Amino acid sequence: MKIRSMKRRAAFGLGLLLGLLTFAPPGGSAAEPIRIGAFLAVTGPASFLGAPELKTLEMYIEEINGAGGVLDRPLELIAYDAQHDAKKAVTFVKRLIFQDRVDLIIGGSTTGTTMAVIPLVERAGVPFISLAGASVIIDPVKRWVFKTPHTDRLAVARVFEDMVARGLSGIGLLSGSGGFDQSCRGNAKALAEVHGLTVLADELHASGDTDMTPQLTRIRTTPGVDAILYCGFGAPTSIVAKNLRQLGIDLPHYQTHGSASQKFIDGAGAAAEGTRLPAAAVIVAEQLPDDNPQKAVGLAYREAYEARYQEPISTFGGHAYDALMLAVGALERAGTTDKEAVRTAIETTERYIGADGIYTMSPTDHLGLDTESFVMVEVHDGGWRLVE
Amino acid sequence: MTAALLQYLISGVTIGAIYALVGLGFSIIYNASKVINFAQGEFVMIGGMAAVFLVADGLPMVAALPLAVLLAVLVGIGLERVAIAPARGASVVTLIIITIGASILLRGTAQLVWDRNFHTLPGIGGGMPIEVLGATILPQAVLVICATMAIVAALFWFFKATRTGQAMLATSYDPTAALLVGIDTRRVLTLAFALAGGLGAIAGILITPIGMTYAGVGVMLGLKGFSAAMVGGLGSPMGAIAGGLVVGIAEALTAGYLSSAYKDAVAFVIILLVLVTRPSGLFGRRDGISL
């Protein structure tokens, strides 16, 4: 379960050796590390989220430590694999808080695991930055809880704006059964009216389903449907795209940022072409105009990640990058690891330019992202294309 | 209207055929040992994942697919040799728990050996749908249905016409009597696991181009296959096929006409109804269930 890397163990051994060699030097460099706890879905059905997140954290913590750490102290990553399992998440967060005594927690790759640990984190008073999508995490605002990815609410709003711009009006909605899926579905139904759209069909599928043609057939036979929105992530995103093609439904097809991964395109093949979704600008960084402040950050992250891991970036690793950098920035501004000071420092983050967008937090906004950084992309020739 | 109904039936029959293949595996092992093998879903996963990774390694499909099936057959034999055979004499419940343990082990191993991502295989006909009376069917779905029919025919021939098949049947009717007339019932048990492994793997390969595969794909497919076997009557190959189709079609029709939210619930309600009215399943023998 425990995925403290071998490197850490080696570093610990080396540290011990050095400690023995330089026994009790006054004002020695054996500074107490700043402990960053993480619980991520590294394996299991949501591993496409947790795996790039962990890789990103490991890569940048190594880099930060190489450059001298934060507040002249090295960062220590204590990461657990909670999979997509709320019970495991609670166990590991208890361990992070009470046994590992971490200074800050990053994680919860999924909405379900994040929501499960919020009461714990709030009671213990540890700054907590979630990497999950749903808006329920920060709405209403919780004192110690922050998050980096755009919410499903923002995603749905962005999709609806695009639908309105294309003159569409009747939505056929299909959702999975997970926490994010259902939160997205709720937001879609709530926001449709605001945008002058109507949800005409509201279909569901179970996790592990391999065929959504019955639901999509039902949507097709619903009169007035001229656009399809799918709320969900993982394998079903590709299956939905393939089923639409099989049924010959060529209505405009939208998904959420839960599909902003090469896995979606690879899984659906040619059927993915033309699918539109809102995504963090980082996946189309090279297509951004040069004066966009995110372009440089996005390109730098992509280069570093792809060079080290030989795989294309997804937006999910970007969430972890932003969480870590927000935390580091807050630690530096606070000048201490005192939990209340760090919390306040995160809350007063101003114009941090990250992979997901530009963050300006406040006591009433624990996400702090602007909407311009959330761009509409379309699958084109097996890659992402920025929609103007 | 009829086009929609036809579409639901196509979807139901396709997925039902997969459930039937998985259910057949449950029945064959149940017949040989009265054990319900909860690692059956993992055979499905091994078939799909092995095929995906062998193809990714550059093997042509004609070589990769039989190799993937062979791997699942070997895992089936290995499971029986390593885990089930040494526990001979233990209660049926103990053996079932062993298979649950094996399923978790196999899933974990697959994550390590292969990976944790979703994969697909190219289907036949390039994924271009065929239109039938306003409904559409993928060439791959036609293949699923035809392959299932061919496998079922082959199995019936095997059980009716070969000595080994007859020996397996005899063992399922009365293991002691079978032993007394000189049938090596231990070999029958190994063979049952091998067959179940192979059937599972074929199901896994067939469904991958339609529904994708990943290390945990066997959990839900295993459960549905088990449902199929229960509905049809555990131990009855005919029952597993009928059960698979009933569950698959019921799911599709529920999603189409009632509500997709209750799709899985309806499948399980059917199982309850069948078990209450006919405890041994649609095609089961009266003495069929000894749990």
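As the structure is a computational prediction, the values presented were derived from the model and not from experiment. Side chains included, hydrogens not; waters and symmetry mates left out as well; all remaining heavy atoms used. Chain A is the first sequence line, chain B the second, and so forth, proteins listed ahead of strands; every chain is numbered from 1.
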Pairwise distance CD1(B:I18) to OG1(A:T210) - rounded to 0.5 angstrom: 8.0 Å

Shortest non-hydrogen contact from A:L247 to B:Q7? CD2-CD, 3.2 Å

Structural part of B:T120 lying under 4.5 Å from a heavy atom of chain A: side chain

Which atoms of B:I137 come close to chain A, meaning under 4.5 Å heavy atom to heavy atom: side chain ones, backbone ones, both, or neither? backbone

In terms of heavy-atom proximity below 4.5 Å to chain A, should B:I15 be classed as side chain, backbone, both, or neither? side chain

Heavy-atom pairs under 4.5 Å with chain B: which of A:A235, A:A51, A:S177, A:S47 has the most? A:A235

Evaluate whether atom CG of A:D250 has more than 12 neighbouring non-hydrogen atoms of other residues, nucleotides or ligands under 6.0 angstrom away. no

Taking CG in B:L272 as the centre, count heavy atoms belonging to other residues, nucleotides or ligands within less than 6.0 Å. Is the count above 12? yes

Flag the pair A:D209 / B:E251 as yes when at least one side-chain heavy-atom distance between them is below 4.5 Å, and no otherwise. no

Which atoms of A:T217 come close to chain B, meaning under 4.5 Å heavy atom to heavy atom: side chain ones, backbone ones, both, or neither? both

Flag the one option from B:H119, B:M212, B:M220 with the top tally of heavy-atom pairs under 4.5 Å to chain A. B:M212

From CZ (A:R245) to OG1 (B:T136), nearest 0.5 Å: 11.5 Å

Identify the two heavy atoms, one from B:A255 and one from A:P214, that lie closest to each other, and give their separation to 0.1 Å. CB-CB, 3.8 Å

Heavy-atom pairs under 4.5 Å with chain B: which of A:G267, A:P236, A:G269 has the most? A:G267

Non-hydrogen atoms of A:R218 and B:L258 that approach each other most closely: NH1-O, 3.0 Å

Test item: A:R220 side-chain N/O and B:A4 main-chain N/O as donor-acceptor pair under 3.5 Å: no

With side chains defined as the heavy atoms from C-beta onward, is the minimum distance between A:Q246 and B:Q140 less than 4.5 Å? no

List the atom of A:I239, the atom of B:G211, and the distance in Å for their closest heavy-atom pair. CD1-O, 3.3 Å

